[in-house]
**Q** 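Shown below is the structure under consideration.
All values below come from the heavy atoms of this structure, side chains included, with hydrogens, waters and symmetry mates left out. The chains referred to below are lettered A, B, ... by the order of the sequence lines, with proteins before strands, and numbering in each begins at 1.
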Protein chains: 2
Amino acid sequence: MADRMDELDRKILLQLQQDTTPSIEEIARSVGSSKTPVWNRIRKMRDRGIIKREVAILDADVLGFEACFFVLIRTSEHDAEWQNTFLQALRDRAEVQEAHRLAGDIDYVLKVRVPNARAYDTFYQALISEVKIHNVTALLSMEEIKSTTALPL
Amino acid sequence: MADRMDELDRKILLQLQQDTTPSIEEIARSVGSSKTPVWNRIRKMRDRGIIKREVAILDADVLGFEACFFVLIRTSEHDAEWQNTFLQALRDRAEVQEAHRLAGDIDYVLKVRVPNARAYDTFYQALISEVKIHNVTALLSMEEIKSTTALPL
DNA sequence: CGTGAAATTGTCGAGCC
DNA sequence: GGCTCGACAATTTCACG
């Protein structure tokens, strides 16, 4: 899929991962090319799904989302129906920014973003009342040291 | 800071968190307003830092970044110098997409994105050779159930 | 890949509610 | 103060050499 990517494509993506606001002409200049080829490449990468989407990143602190939890979940249930209910619950809750199914001891990890600890508790109570969960550990973030959506191209 | 935000601002942000590609006119229509007010509000929210940045989200799988680890770190060192070295190491490594300092038992959690398990090991060896770390647990993601950068506005 | 032209969009000012 | 309208500038988009 991504085999037909050369150094120029890579440079373009490095830029777009950081900032999509500059014009194509500016991007072209900064990667040492010109308008048309850059535009064609961006279009192709969008079509191929290499560029999944373009979004605005908001400041959580400014907007009052001051609490971020990593939630480690162990479950005893592993049948398909339980899993479907659980996954749907995660997808339906906007507080859940990330959810991963894991290999090993712990079954799932979530990243949950809420205004405060009380809001987390509300979320947590709602979740465990919806689906049966064996064991939960919540890790509270004190400080976001680094946060990027960029892949290490 | 964000107190001067009304329902219209919220609707605009909900849109931009999902997709920044539509024109201001389209966004205006979808939130039931018109070009100028929407444009003015977006500008203000950028200036106030509510909108931190606008970026392209790439597809990790398509690009061959098929391994994602959550790394739980305990340390014995807590002095300022150690911490500075550690934080700088995290910021310098592009594989580290997120890094949080935690409250409690575990001191830090990282989200690390790499092409494969071998690349993770390389990263891990490099990190522990740079800074002294007491205890590390790596959780390997088998499946990304959900992934969004959107705040639950 | 470069040129250039058409369509669309971003940007902003003047007057109105 | 924010909104509508309208105009101009900049950019995106695309055809052709």
**Q** Determine whether a donor-acceptor pair (N or O, by modelled atom type, separation under 3.5 Å) exists between the side chain of B:Trp82 and the backbone of B:Thr75.
**A** no
**Q** For B:Pro37, answer base if it contacts any base atom (sugar-phosphate contacts may also be present), sugar-phosphate if it contacts only those atoms, and nothing otherwise; contact means non-hydrogen atoms under 4.0 Å.
**A** base
**Q** Report the residue from A:Lys11, A:Gln15, A:Glu25 that forms a side-chain hydrogen bond (donor to acceptor under 3.5 Å, both in side chains) with A:Ser30.
**A** A:Gln15
**Q** Taking for each residue the nucleotide of DNA chain D bearing the nearest heavy atom, is the 5' side occupied by A:Glu26 or by A:Arg43?
**A** A:Glu26
**Q** Using a distance-only criterion (donor-acceptor N/O pair, under 3.5 Å, no hydrogens), is the base of D:dC5 paired with the side chain of B:Thr36?
**A** yes
**Q** Could you check how far CD1 of B:Ile24 sits from P of D:dC3, rounded to whole Å?
**A** 14 Å
**Q** What is the distance from NZ of B:Lys44 to P of C:dT11, rounded to the nearest Å?
**A** 16 Å
**Q** Looking only at heavy atoms, what is the nearest atom pair of A:Ala138 and A:Tyr120, with distance?
**A** CB-OH, 3.5 Å
**Q** Using whole Å, report how far CG of B:Leu8 lies from P of D:dT4.
**A** 10 Å
**Q** I need the CD1-P distance between A:Ile27 and D:dT13, as an integer number of Å.
**A** 12 Å
**Q** Measure from CG on B:Asn40 to C1' on C:dT11 and round the result to the nearest Å.
**A** 10 Å
**Q** When the ring centroid of B:Phe123 is compared with that of B:Phe69, is the distance short of 6.0 Å?
**A** no
**Q** Less than 6.0 angstrom separating the ring centers of A:Tyr108 and A:His100, yes or no?
**A** no
**Q** To the nearest Å, how far apart are B:Glu7 CD and D:dG2 P?
**A** 17 Å
**Q** Map A:Arg41 and A:Lys35 onto DNA chain C by nearest heavy atom, then report which one ends up closer to the 5' terminus.
**A** A:Arg41
**Q** Any idea which of C:dT9, C:dC12, D:dC14 is nearest the B:Trp39 side chain?
**A** C:dC12
**Q** When you get a sec, tell me which of C:dC12, D:dC14, D:dT13 is the closest nucleotide to the side chain of A:Arg46?
**A** D:dT13
**Q** What integer distance in Å separates B:Glu25:CD from D:dT11:P?
**A** 19 Å
**Q** Using whole Å, what does the distance between atom C1' of nucleotide D:dG2 and atom CD1 of B:Ile12 come to?
**A** 13 Å
